[in-house]
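Got a structure for you, questions after.
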Amino acid sequence: MNTEIAAKALKELGHPTRLTLFRCLVKAGHKGLPVGHLQESLQIPNSTLSHHLSSLMSAGLVKQHREGRVLHCIPQFDCLEGLIQFLQEECCAEETC
């Protein structure tokens, strides 16, 4: 992961609603959650939820998958793990033992 991609992901996660939304999805696991469930859990209007999901998708943190009439939001754990690795990769690199 490069600096620009990491900065975009961190920017999108820097909003309290998007962070809460992403944490709900991560907690749900690899299957994700239906949009309707997220809307009920967060108690925000559908248009607001759509805006926040769009931001998370543009950063590569979330993908959507349709099953019939149900739209599922799926956290992208590869992106999350890449972001964590990016933040930790040079941890204490300049520290002398």
Side-chain angles (χ1 to χ4, degrees):
M1 180 172 286
N2 67 40
T3 302
E4 289 181 27
I5 293 170
K8 171 77 172 155
L10 290 169
K11 175 188 169 234
E12 300 308 340
L13 291 173
H15 188 283
T17 301
R18 285 193 286 272
L19 183 58
T20 301
L21 173 58
F22 188 67
R23 291 187 71 206
C24 285
L25 291 170
V26 167
K27 184 177 179 180
H30 293 279
K31 287 186 175 184
L33 292 169
V35 171
H37 183 277
L38 290 168
Q39 196 277 327
E40 288 176 21
S41 294
L42 298 176
Q43 293 294 303
I44 59 175
N46 285 336
S47 60
T48 303
L49 177 60
S50 178
H51 167 74
H52 289 305
L53 284 171
S54 178
S55 295
L56 292 172
M57 288 188 295
S58 74
L61 292 162
V62 173
K63 285 192 179 177
Q64 291 183 328
H65 171 73
R66 182 171 296 280
E67 286 184 22
R69 297 179 69 196
V70 178
L71 186 60
H72 291 272
C73 297
I74 302 157
Q76 298 303 290
F77 288 101
D78 290 346
C79 184
L80 175 60
E81 291 166 5
L83 182 59
I84 292 168
Q85 182 180 7
F86 175 82
L87 293 171
Q88 291 181 325
E89 68 187 11
E90 294 188 36
C91 180
C92 304
E94 307 234 346
E95 189 174 87
T96 56
C97 297

**Message:** Can you give me the closest heavy-atom contact between Leu33 and Ala28, atom names plus distance?
**Reply:** CG-CB, 3.5 Å

**Request:** Would you check if the side chain of Ser50 reaches a backbone N or O of Asn46 as a donor-acceptor pair within less than 3.5 Å?
**Result:** no

**Request:** Could you state whether Val70 and Leu38 fall into the same hydrophobic cluster, counting links through intermediate Ile, Leu, Val, Met, Phe, Trp or Tyr residues with side-chain heavy atoms under 4.5 angstrom apart?
**Result:** no

Counting only pairs under 3.5 Å, give me each side-chain donor-acceptor contact of residues 71-81, with atom names and distances, residues two or more places apart or in other chains.
residue : atom : partner : partner atom : Å
Gln76   : NE2  : Ile74   : O            : 3.1

**Request:** Could you go through the side chain to side chain contact (heavy atoms under 4.5 Å, CB included) check for Met57 and Lys63 one step at a time?
**Result:** CA-CA 6 Å; Met57 288 188 295; Lys63 285 192 179 177; 5.9 Å; no

**Message:** Side chains of Leu21 and Ile44, heavy atoms from C-beta outward: is any pair under 4.5 Å?
**Reply:** no

**Prompt:** In Å, rounded to the nearest 0.5 Å, how long is the span from CG of Leu49 to CD of Glu40?
**Reply:** 11.5 Å

**Message:** Nearest 0.5 angstrom please: Leu83 CG to Leu61 CG, how far?
**Reply:** 7.0 Å

**Partners meeting side chain to side chain donor-acceptor pair (under 3.5 Å) with Glu12 (sequence neighbours left out)** = Lys8, Arg18

**Request:** Would you indicate whether Glu4, at its atom CD, is surrounded by more than 12 heavy atoms from other residues, nucleotides or ligands within a distance under 6.0 Å?
**Result:** no

**Message:** In the structure I gave you, are the side-chain heavy atoms of Phe86 and Ile5 within less than 4.5 Å of one another anywhere?
**Reply:** no

**Asked** Does a sphere of radius 6.0 Å around CD in Glu90 hold more than 12 heavy atoms from other residues, nucleotides or ligands, not counting ones at 6.0 Å or beyond?
**Response** no

**Message:** Show, in sequence, the C-alpha distance, side-chain angles and deciding distance for Leu13 and Leu56, and conclude whether the side chain to side chain contact (heavy atoms under 4.5 Å, CB included) test is met.
**Reply:** CA-CA 8 Å; Leu13 291 173; Leu56 292 172; 4.1 Å; yes

**Asked** Please, which pairs that meet ring pair (Phe, Tyr, Trp, His ring centres under 6.0 Å) have at least one residue in residues 37-68, sequence neighbours excluded?
**Response** His15-His52

